[in-house]
Amino acid sequence: MSAKTSSAEMRIRNIGIIAHIDAGKTTVSERFLYYTGVIHRMGEVHDGQAQMDWMPQEQERGITITAAVTTLPWRHHEIHLIDTPGHVDFTVEVERSLRVLDGAVVVFCAVGGVEPQSETVWHQADRYRIPRLAFINKMDRPGADFAACLTQMREKLGCVPLPIQLPLGQEDRFEGVVDLVRMQAVRWHSDDLGATFEAAPITGDLEGEARAARLRMIETLADHDDAMAEIFLAEREPSPEDLLAAVRRATLKNTLVPVLCGSALRNKGIQPLLDAVCDFLPAPAELPPVAGFNPKTNEPLTVERRKDAPFCGVAFKVQLWEGRKHTYLRIYSGQIATGDAVYNSSKGAHEKIARLLKLHADKKERLQRASAGDIVGVVGLKLATTGDTLCTVAHPVVFESMRFLTPVISIAVEPKTSQDQEKLTDILSRMVEEDPTFSVSQDPETGQTLLSGMGELHLDIKIDILRREYNLPVNVGKPQVVYRETLAQAGSASEVFERSFEVDGKGKALYAGITLRGEPLPRGAGVVYANEIVPTPEAPALNPEWLRAAEQGVREALVNGPATGYPMVDLKVALLDVQWREGQTDAMAVHIAAGQAFRRLCEKTRTLTLQPIMSLEVVTPEEFTGTVIGDINARSGRVEDLEKRQNRAIVKARVPLTRMFGYSTELRSLTEGRATFSMSFLTFDVP
């Protein structure tokens, strides 16, 4: 800790709770709020009363849709917590939350283990190098298997789990945890909703198992921490303080993942998890400086995470409340106060902080000042959108931008009355600003308004918001899939643009000839454009403006494929030749000829229509395995893996999105409501 870093800064924790849907994230958050004294009555997700699920749509469906922010006090620490969604349609909420967090608690279901969305959010956290804790929840459920979860973490996530607890019984016999650091058996009292617990020495048969597990923990730590290796080689018994310090060092280096367990719904295991957040996850000041670049010179630079440094932060979310734009802001350095002017370096514009807010889900509390490490709400930023950097004019910086998935499904909407068309357009533009994975466009042929999103549930929520929050009834068309096109084979084509016309009574001619070669690329490769004209003494280098015009003409033609009108992807286009005439060739002629040459190329080589292909995972009782696989085959899907886990089967397949509408209803019917599934976008391809 530097001399300029205060003890208060060292006691801040910015964490998120991430997991697969229904692993128990929001229930864990609710217990965090209760045991830290923020709320005095626990609400349950299944009753629609959880504090962090404040949207009506969340309360009715029992799922988290939007990331919610709150602040918790624990052991003289200030924990800024973001509870994120687990459903794949709302992955954007996880992405932009992880972008600004310093640590994460990953919740796994003790029965389901590492599920598909668990892998997705884990790798999102990998991308931002976020230290993590793992909490294996639902240890009281039939089929709970702590050891199997650890194995799946190693095999599926490629991490090194470090169990610092063992479950004290499991399934209906689960009563607490074994603390391997202090060698205690911890049992919770049920008469006070788990607010108190007893820690006692380990006795009986459990003692031998606990000592063996503790030795494995020490050996794993010694492999990843030099100080613990010295203690281990000297055959000294490490103290609890030695172990806690070693676990913290390894966690901050991202070499180990401490694993705890419990049952949030049964109020067991939450207080040790809060302790672990304070003990093992980093304070903002402990992390490396934030990398960015100077927007004026494009030179790389870093920002120290200090309160006494110039102000800078990232706007990571936009939300409309009561008709006003609220921006969620993570402050990396410096301080801001109500009324301050700030510089939006991403937009090159000046903005003003009209109001600062401390957030608790949908509740707000006014602040006068905020500083490095804080996550706050801001009112008054007119131009800021998700991912924008805010700083001072004297010290401009732009941080790494965020990446978001492309919408894959669309529906047509129209207002019930023509008088509401302008209102619909205005509301949709605000909703697009809130959600980077939601887009609005016009069908050029029908004039319909098209809403595009990540899945049926995503768009269903948007329509519900239109009708309920904005009191705007709309007609909705059937979901339509977003397609892509690519070349079917390699080939080349030439096209000449030649035109004569009069300007001010004088004849003028334009001429340009373009030769292109195209070839398909592997799926996911995108578009590659190359200038393969080699200058020679007889044919010196062409006008750079013409070359830019040729590329622009090709790229504009790529936007609308000849078969479907959707963008073309996964191909390479090479410019082979530009024919020109003195006084007749200019950039406009080259631009037009390039677009025409590309369309001729598509005619000669033909194009393929690519559909969104989804990654599907179905968890079903074994007796329905054949039925589920048969249904997937009937939907033109391809089963890629079949895994048996206890009395359940996990079927993994790739399926075209066009055949998956209404699948949740059909799956319930086929399996008597006992199977679950998750689906995420995989690639654009031919089914």
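To the nearest 0.5 Å, the span separating CG on Leu166 from CG on Leu206 amounts to 7.5 Å. Atoms CG and OG, from Asp308 and Ser371 in turn, are 10.5 Å apart once rounded to the nearest 0.5 Å. With rounding to the nearest 0.5 angstrom, the CD1 atom of Ile202 is 12.0 Å from the CZ atom of Arg182. A distance of 11.0 Å separates OG1 of Thr26 from CZ of Arg31, quoted to the nearest 0.5 Å. Separating the CG atom in Leu390 from the CD1 atom in Ile331 is a distance of 9.5 Å, to the nearest 0.5 Å. Between atom CG of residue Leu33 and atom CD1 of residue Ile270 there is a gap of 11.0 Å, rounded to the nearest 0.5 Å.
Within the 4.5 Å cutoff, the side chain of Leu252 has heavy atoms near those of the Glu286 side chain. By the 4.5 Å heavy-atom criterion applied to side chains, Val247 and Asp279 are not counted as neighbours. Inter-residue side-chain proximity for Phe32 and Ile79 is flagged as unmet; no heavy-atom pair is nearer than 4.5 Å. Under the 4.5 Å side-chain criterion, counting only non-hydrogen atoms from C-beta, Pro284 is in contact with Arg330. Inter-residue side-chain proximity for Val379 and Arg324 is flagged as met; some heavy-atom pair is nearer than 4.5 Å. Using a 4.5 Å heavy-atom cutoff, the side chains of Leu244 and Phe280 are in contact. Between Lys325 and Glu433, the closest side-chain pair of non-hydrogen atoms falls below 4.5 Å. With contacts defined as side-chain heavy-atom distances shorter than 4.5 Å, the pair His395/Cys312 does not qualify.
Smallest separation of non-hydrogen atoms from Met217 and Pro163: SD-O, 3.8 Å. Taking each heavy atom of Gln165 and Cys261 in turn, the nearest pair found is OE1-N, 3.0 Å. When all heavy atoms of Val277 and Arg13 are compared, the closest pair comes out as O-NE, 3.4 Å. Nearest heavy-atom pair across Ala291 and Thr302 is CA-CG2, 4.4 Å. Closest non-hydrogen pair, Leu168 versus Val177, comes out as CB-N, 3.7 Å. Residue Val303 comes nearest to Ser333 through the heavy atom pair CG1-OG, 3.4 Å, listed as atom of the first residue, atom of the second, then distance.
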_Residue pair Arg369, Ile336: steps toward the side chain to side chain contact (heavy atoms under 4.5 Å, CB included) verdict_ = CA-CA 6 Å; Arg369 181 172 295 276; Ile336 50 171; over 6 Å; no

*Step by step, would you call Ile82 with Leu101 a side chain to side chain contact (heavy atoms under 4.5 Å, CB included)?*
CA-CA 9 Å; Ile82 301 182; Leu101 290 172; 3.8 Å; yes

*Please report the C-alpha distance between Leu359 and Thr70 in whole Å, then the side-chain angles of each, then the deciding distance to 0.1 Å, and finally whether the side chain to side chain contact (heavy atoms under 4.5 Å, CB included) criterion is met.*
CA-CA 6 Å; Leu359 301 171; Thr70 192; over 6 Å; no

_One pair to check against side chain to side chain contact (heavy atoms under 4.5 Å, CB included): Cys109 and Asn137. What are the steps and the verdict?_
CA-CA 5 Å; Cys109 172; Asn137 191 27; over 6 Å; no

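Using a 30° and 60° split on the angle between ring planes, Phe197 and Trp188 fall in the tilted class, from 30° to 60°. By the 30° and 60° cut-offs, the orientation of the rings of Phe399 relative to Tyr332 is perpendicular. Using cut-offs of 30° and 60° on the angle between ring planes, the pair Tyr328 and Trp321 is tilted.
Ion pair Asp275/Arg75 flagged as a salt bridge, since at least one NZ, NE, NH1 or NH2 atom sits closer than 4.0 Å to an Asp/Glu carboxylate oxygen. The pair Asp435-Lys462 counts as a salt bridge, with a side-chain nitrogen and a carboxylate oxygen less than 4.0 angstrom apart. In this structure, Glu198 does not pair ionically with Arg187, as no charged nitrogen and carboxylate oxygen lie closer than 4.0 Å. Salt-bridge formation is detected for the pair Arg214/Glu237: a Lys NZ or Arg NE/NH1/NH2 atom is positioned less than 4.0 Å from an Asp or Glu carboxylate oxygen.
Side-chain contact check for Thr385 and Lys347: at least one donor-acceptor pair (N or O, by modelled atom type) lies under 3.5 Å. With hydrogens and angles left out, the side-chain atoms of Gln124 and Glu95 include a donor and acceptor closer than 3.5 Å. Side-chain polar atoms of Lys317 and Thr66 form a donor-acceptor pair below 3.5 angstrom. Looking at Asp223 and Thr220, their side chains never bring a donor and an acceptor atom within 3.5 Å of each other. With hydrogens and angles left out, the side-chain atoms of His189 and Thr196 include a donor and acceptor closer than 3.5 Å. In summary, the side chains of Glu30 and Tyr35 do not present any donor paired with an acceptor at a separation below 3.5 Å, with no hydrogens or angles considered.
In this structure a side-chain-to-backbone donor-acceptor pair under 3.5 Å is present from Arg99 to Glu400. Between the side chain of Glu304 and the main chain of Pro289, no donor-acceptor pair closer than 3.5 Å is present. Judged by distance alone, the side chain of Gln170 and the main-chain N or O of Asp140 form no donor-acceptor pair under 3.5 Å. Between the Glu351 side chain and the Leu383 main chain, a donor and an acceptor come within less than 3.5 Å of each other. Remark: side-chain polar atoms of Asp242 are not paired, donor with acceptor, to backbone N or O of Met228 under 3.5 angstrom. Ser263 contributes no side-chain N or O that, together with a main-chain N or O of Lys138, makes up a donor-acceptor pair within less than 3.5 Å. Listed for the Asp464 side chain is no donor-acceptor partner under 3.5 Å among the backbone atoms of Ile461. Within the 3.5 Å criterion, the main-chain N or O of Arg96 finds no donor-acceptor partner in the side chain of Thr386. Of the possible donor and acceptor atoms, none in the side chain of Thr255 sits under 3.5 Å from a partner among the backbone N and O of Thr251.
The number of heavy atoms from other shown groups lying within 6.0 Å of NZ (Lys352) does not exceed 12. Heavy atoms from other residues, nucleotides or ligands lying under 6.0 Å from CG of Asp226 number 12 at most. Summarising the local packing, CZ of Arg366 is surrounded by 12 or fewer heavy atoms from other residues, nucleotides or ligands at distances under 6.0 Å.
In summary, of the residues considered (Thr71, Leu72, Asp102), a side-chain contact (heavy atoms from CB on, under 4.5 Å) with His80 occurs for Thr71 alone. The side-chain contact (heavy atoms from CB on, under 4.5 Å) test with Arg132 is passed by exactly one of Asn254, Leu281, Leu157, Ile15: Asn254.
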